[in-house]
Amino acid sequence: MNRFCSIAQLSKIITKALLGCFIIALVACGSSGENQSFQSSGIAITIDNAGVIPVFAAKPTSTVIYVHNNSAANISGISYSVVNDEMLGNTGSVDGIHCAAIAAGQSCALKIVTPNLTLQQEKGSMLIKANYMLDKQDRSFSQLINYVTVDASSNKKASGIKFKSGATIYGYGNSTAYATVYLYNSDESQNYTITDLNINQPSLKLNMDFNKLTLPPNSVQAIEVSSPILTSSISASLTVKSSSTSSDINLNNHDANSHSVSNGISLSVEPVAAGAILIAGSVPLIDTTKANVSMITFLNTGNKVAVTGITSADNGLFGLSNDCDNQTLQPGASCTISFQYTESGGSGTITVPYTGGSSNSAFGNATWFNGKGSALVSVTIADNPLSFSATVWGRTEVTVTNVGGYTLNNIAITNPRVIGGSAIAEIIPPSSGVECINGSDLPIGSSCTYFVAVNDSITDLDQQINLGFSANYTGTNGLTNYSRVSPLIYSSTSYGAIIALSTISPMSISGNNLESASQGLVISNNGAAVADLTSFGLINNPAYLFANSGDCSSSLASGSSCTAQIKLGPVSSSLESSGVANYVVDLRFTKL
């Protein structure tokens with residue numbers, strides 16, 4: 001049994017005499033038994049961390065990503081620019097006209113357009129940068145946006161509305177943070193309507209109600225999720241249920257009467273003390289007959305400075321030219337590496353060492369091939385990044401598709417290689433569909449699937465596991481080997497009861513010994529363990545500030561919440577007074 005004391009400081013509890021009116025402002029939040037009273041002192045303008053944007057073949061995706069003004073000042077004159085991957089024959093764009101000015105504490109939906117992608121390019125990334133002035137100083141913030149091709153499913157079993165991937169929510173020094181994830185409908189002929197969209201952790205919120213929203217064929221919908229930033233990291237899952245209007249459509253995971261489909265993703269929330277977190281953008285699959293150089297971008301998504309060392313690369317990658325060596329990257333700052341590769345196909349990792357966070361290196365992966373007629377597979381990881389609570393297994397589905405010019409023989413799904421963190425990763429077969437069986441063949445255009453199960457006994461954030469695929473084929477040079485490495489990013493978040501206390505809005509009464517004001521204080525458990533609430537209530541409070549247990553009992557299950565009641569007044573004095581009180585939640589939970 002572990003005992004924690006969750007303290008939410010009600011600061012500032014201020015009562016002022018203004019024409020006989022007492023005003024009280026209460027601020028409260030908490031986590032894992034540690035004092036969570038802190039104010040936002042982070043980056044003013046932030047662009048949401050994002051899930052992967054789906055791109056339909058030969059058609060760019062137009063969507064939005066949200067920009068927030070986290071400061072107490074109105075900010076205008078914000079300009080936006082975009083840096084695209086030079087390997088793509090076209091570019092993405094951003095339209096920032098409507099987001100040039102953002103009021104204090106408000107947000108704006110920034111319009112973005114991805115580049116076109118071919119199935120052979122598979123994926124890519126672009127860096128969006130916001131420049132602005134605050135306190136007479138020039139400031140900037142950058143965000144990496146990854147995107148990936150989606151194969152239309154007109155001749156396949158429809159699978160309803162899906163997420164392309166989850167996301168990691170970073171605070172950048174602010175007390176509340178955000179991520180934008182993307183729903184899509186890849187069916188070319190069928191509308192789907194959202195029947196339910198929910199998050200399993202109570203402190204994470206959606207920016208609006210999306211129930212009954214209908215997505216037409218080949219469309220994308222941006223969804224924003226917000227979360228408080230606590231002293232403990234959080235794992236959450238976001239689930240969407242959708243239904244079709246057709247009576248003859250063949251659905252996966254469906255109910256015969258409702259034609260409903262359920263899909264989900266995992267989300268993780270980084271803690272207050274996350275430190276520096278360096279991540280890499282996605283590099284498209286590289287055709288060496290079209291170019292001999294490519295680029296990769298690294299971004300500091302943490303809330304502390306990252307100090308980098310000397311970049312290194314695997315065999316097959318050379319000629320590194322970069323501004324990442326020996327750099328000091330502020331939160332929201334980036335650096336770029338250009339690199340060359342051997343003319344024949346290959347797959348390798350570029351490593352950037354750094355200090356300032358819990359990890360000591362960031363990894364970027366590149367795969368290259370020689371012409372359309374060469375051997376090539378596309379690898380899709382359903383939940384990447386993958387998030388789960390420490391000691392609790394998480395898993396994701398991996399789909400391998402032969403998009404090259406040769407039938408692949410004697411395929412092998414190699415054991416996952418953990419290159420960051422302390423995870424154990426295992427390959428497990430799928431319950432349905434075509435399994436990737438070692439020693440079997442993978443004809444041109446065909447796919448197979450498998451699952452990767454991951455566990456980590458400790459908290460490890462933004463770590464990497466390399467998933468390997470190998471095979472051989474008979475080409476112009478006889479029997480030839482082929483291999484591909486794909487990165488899976490994972491976060492093993494804090495296990496236990498993670499208590500958060502919601503912010504209380506200002507309360508006011510007149511000092512006439514008659515009036516009082518009441519409101520609820522939501523206590524939520526965002527962890528994986530049941531919290532036994534041994535006591536909760538105010539301490540150091542003035543006589544006219546009360547609290548009762550409301551509907552809270554002695555136990556609070558994982559993913560649930562209860563509401564305590566706070567009452568101000570009545571009070572007879574109209575003299576100015578001030579003070580500080582704490583709301584304390586004393587709890588116990590069993591930690592694995």
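Atom OG1 of T391 is separated from atom CG of N455 by 6.5 Å, given to the nearest 0.5 angstrom. Taking CD1 from I337 and CD1 from I296, the interatomic distance works out to 7.0 Å, rounded to the nearest 0.5 Å. Here the OG1 atom belonging to T380 is positioned 9.5 Å from the CD atom belonging to E397, to the nearest 0.5 angstrom. The distance from atom CG of N526 to atom CG of L204, rounded to the nearest 0.5 Å, is 7.0 Å.
Between L238 and V181, the closest side-chain pair of non-hydrogen atoms falls below 4.5 Å. For the pair L197/I223, a side-chain contact is recorded, criterion being any heavy-atom separation below 4.5 Å from C-beta on. Counting only heavy atoms from C-beta outward, the side chains of L329 and C335 approach each other to under 4.5 Å. For the pair P416 and L488, the minimum side-chain heavy-atom distance is 4.5 Å or more. The shortest side-chain heavy-atom distance between V379 and V398 falls under the 4.5 Å cut-off. Side chains of I45 and V67 form a contact here, defined as non-hydrogen atoms less than 4.5 Å apart. Put simply, the side chain of L556 does not reach to within 4.5 Å of the side chain of F536, judged on heavy atoms. Using a 4.5 Å heavy-atom cutoff, the side chains of L278 and T308 are in contact.
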message = Using side-chain hydrogen bond (donor to acceptor under 3.5 Å, both in side chains), reason through S125 and S282 one step at a time and then give a plain yes or no.
response = CA-CA 5 Å; S125 65; S282 295; 5.6 Å; no

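Remark: side-chain polar atoms of T351 are not paired, donor with acceptor, to backbone N or O of S312 under 3.5 angstrom. The closest donor-acceptor contact from the side chain of D456 to the backbone of S492 lies at 3.5 Å or more, if one exists at all. A donor-acceptor pair under 3.5 Å is absent between the side-chain atoms of N525 and the main chain of A497, judged by distance alone. Between the side chain of T61 and the main chain of P54, a donor-acceptor pair closer than 3.5 Å is present. With hydrogens and angles disregarded, a donor-acceptor distance shorter than 3.5 Å links the side chain of N300 to the backbone of G302. A distance-only check finds a donor-acceptor pair linking the side chain of S233 to the backbone of S494 [under 3.5 Å]. D209 places a side-chain N or O within 3.5 Å of a backbone atom of N211 that can act as its donor or acceptor partner. When atom types are taken as modelled, the side chain of E270 and the backbone of Y170 share no donor-acceptor pair closer than 3.5 angstrom. Not a single donor-acceptor pair under 3.5 Å links the side chain of D314 to the backbone N or O of S347. Side-chain atoms of T367 never come within 3.5 Å of backbone atoms of L285 as a donor-acceptor pair (strictly under, hydrogens ignored).
By the 4.0 Å N-to-carboxylate-O rule, E122 lies close enough to R484 to be salt-bridged with it.
Side-chain contact, S71 with N69: a donor N or O sits under 3.5 Å from an acceptor N or O. In this structure, a donor-acceptor pair under 3.5 Å is present between the side chains of D48 and T180. Of the N and O atoms on the side chains of S268 and T168, at least one donor lies less than 3.5 Å from an acceptor on the other residue. Side-chain atoms of N384 and T396 form no donor-acceptor pair, as typed in the model, at a separation below 3.5 Å.
The salt bridge (charged side-chain N to carboxylate O under 4.0 Å, His left out) search around R395 returns none, not counting sequence neighbours. Shown here are the ring pair (Phe, Tyr, Trp, His ring centres under 6.0 Å) partners of Y184, two or more places apart in sequence or in another chain: there are none. The ring pair (Phe, Tyr, Trp, His ring centres under 6.0 Å) search around Y178 returns H68, not counting sequence neighbours. In terms of the side-chain contact (heavy atoms from CB on, under 4.5 Å) criterion, residue partners of A313 (sequence neighbours excluded) are, by chain and number, L317, L320, I350.
Residue S232 comes nearest to I498 through the heavy atom pair CB-CD1, 4.0 Å, listed as atom of the first residue, atom of the second, then distance. N303 and P271 get closest at one heavy-atom pair: ND2-O, 4.3 Å. Considering every non-hydrogen atom in both F298 and C324, the closest pair reads CD1-SG, 4.4 Å.
Every pair passing side chain to side chain donor-acceptor pair (under 3.5 Å) that includes a residue from residues 352-366 is listed here, sequence neighbours excluded: T349-N365, S359-Q463, N365-Q464. Counting only residues at least two apart or in different chains, side chain to side chain donor-acceptor pair (under 3.5 Å) contacts with residues 416-437 are absent.
Partner of Y192 under the side-chain contact (heavy atoms from CB on, under 4.5 Å) criterion, chosen from S219, S242, S243: S242. Just one of S266, S235, S237 meets the side chain to side chain donor-acceptor pair (under 3.5 Å) condition when paired with S387; it is S235.
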